[in-house]
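Heads up, the thing below is written out as structure tokens.
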Amino acid sequence: MAGMDSSEGSSSKSLLWMMVALFTVIAILLGGGLFLASRVLHAFHLQESGGKATMRTPMGDIHVEKANEVGPSMPVYSGSILVMPHDDDGKAGAPPSAEFAIQTAAYYTPDSGSFVENWYREHLGSEFTWHAANEEPRFELLGKAGVSTGSGAFVAERGEQVRIVAIEEDPSGTHIKLIHIRRRTAH
């Protein structure tokens with residue numbers, strides 16, 4: 001009987017040490033997870049100014065808009081390169097307007113215009129409609145946004161916003177202009 005008591009005592013001690021080891025491993029994993037989560041949260045900074053929120057991350061900035069201000073998304077054609085503005089006054093896009101706030105980004109690709117147009121047909125939402133370059137009457141805001149008459153464009157309107165993807169082909173490739181127009185409100 002004395003031999004059985006010592007084996008039961010030794011298995012109790014083994015079970016106790018296994019439980020201590022298990023809880024120690026769980027505590028280390030939990031502590032490491034909390035430490036990692038705090039490091040990740042400190043890497044992101046949220047700033048809000050003028051009704052717009054910007055999240056600064058190590059990889060770049062993310063701009064957050066209110067749900068009623070969000071317009072349709074505009075993907076960038078894969079393989080295109082950003083074209084930096086180089087006009088006389090150094091400003092990108094169309095001339096300033098008292099009626100509209102206009103933001104533009106220009107891209108270039110050596111691919112054909114029809115290939116780019118078909119790619120955008122597949123990647124834009126259903127609210128975008130195609131307006132051919134020779135279409136009459138021409139969509140009114142295309143001229144105000146600085147879209148040349150030789151460009152076809154996908155246009156989407158939502159409330160006070162208009163988003164345009166203008167596509168213009170030349171002998172060397174295709175120029176793509178992403179335009180976001182927001183009607184200025186009177187204060």
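The figures here come from the full heavy-atom set of this structure, side chains too, leaving out hydrogens, waters and symmetry mates.
In terms of hydrophobic clustering, with Ile, Leu, Val, Met, Phe, Trp and Tyr side chains grouped at heavy-atom distances under 4.5 Å, Met19 and Leu29 are assigned to different clusters.
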Hey, can you pull the donor-acceptor pairs under 3.5 Å for the side chains in residues 74-81, sequence neighbours left out?
residue: Tyr77; atom: OH; partner: Asp111; partner atom: OD2; Å: 2.4
residue: Ser80; atom: OG; partner: Tyr77; partner atom: O; Å: 2.7

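Atoms CZ and CD1, from Phe23 and Ile28 in turn, are 14.0 Å apart once rounded to the nearest 0.5 Å. Atoms CD and CD1, on Glu157 and Ile164 in that order, are 8.5 Å from each other to the nearest 0.5 Å. Taking CZ of Phe154 as the reference point, atom CZ of Arg121 lies at 4.5 Å (rounded to 0.5 Å). Annotation: the span from Thr174 atom OG1 to Ile167 atom CD1 amounts to 8.0 Å, rounded to 0.5 Å. With rounding to the nearest 0.5 Å, the separation of OG1 in Thr104 from NZ in Lys177 is 5.5 Å. In this structure, CD1 in Ile176 is found 11.0 Å from CG in Leu82, a value given to the nearest 0.5 Å.
Between Phe128 and Arg163 the shortest heavy-atom distance is CE2-O, 3.8 Å. When every heavy atom of Ala166 is checked against every heavy atom of Ser151, the shortest pair comes out as CB-CB, 4.4 Å.
The side-chain contact (heavy atoms from CB on, under 4.5 Å) test with Leu22 is passed by exactly one of Ile26, Val25, Val20, Thr24: Ile26.
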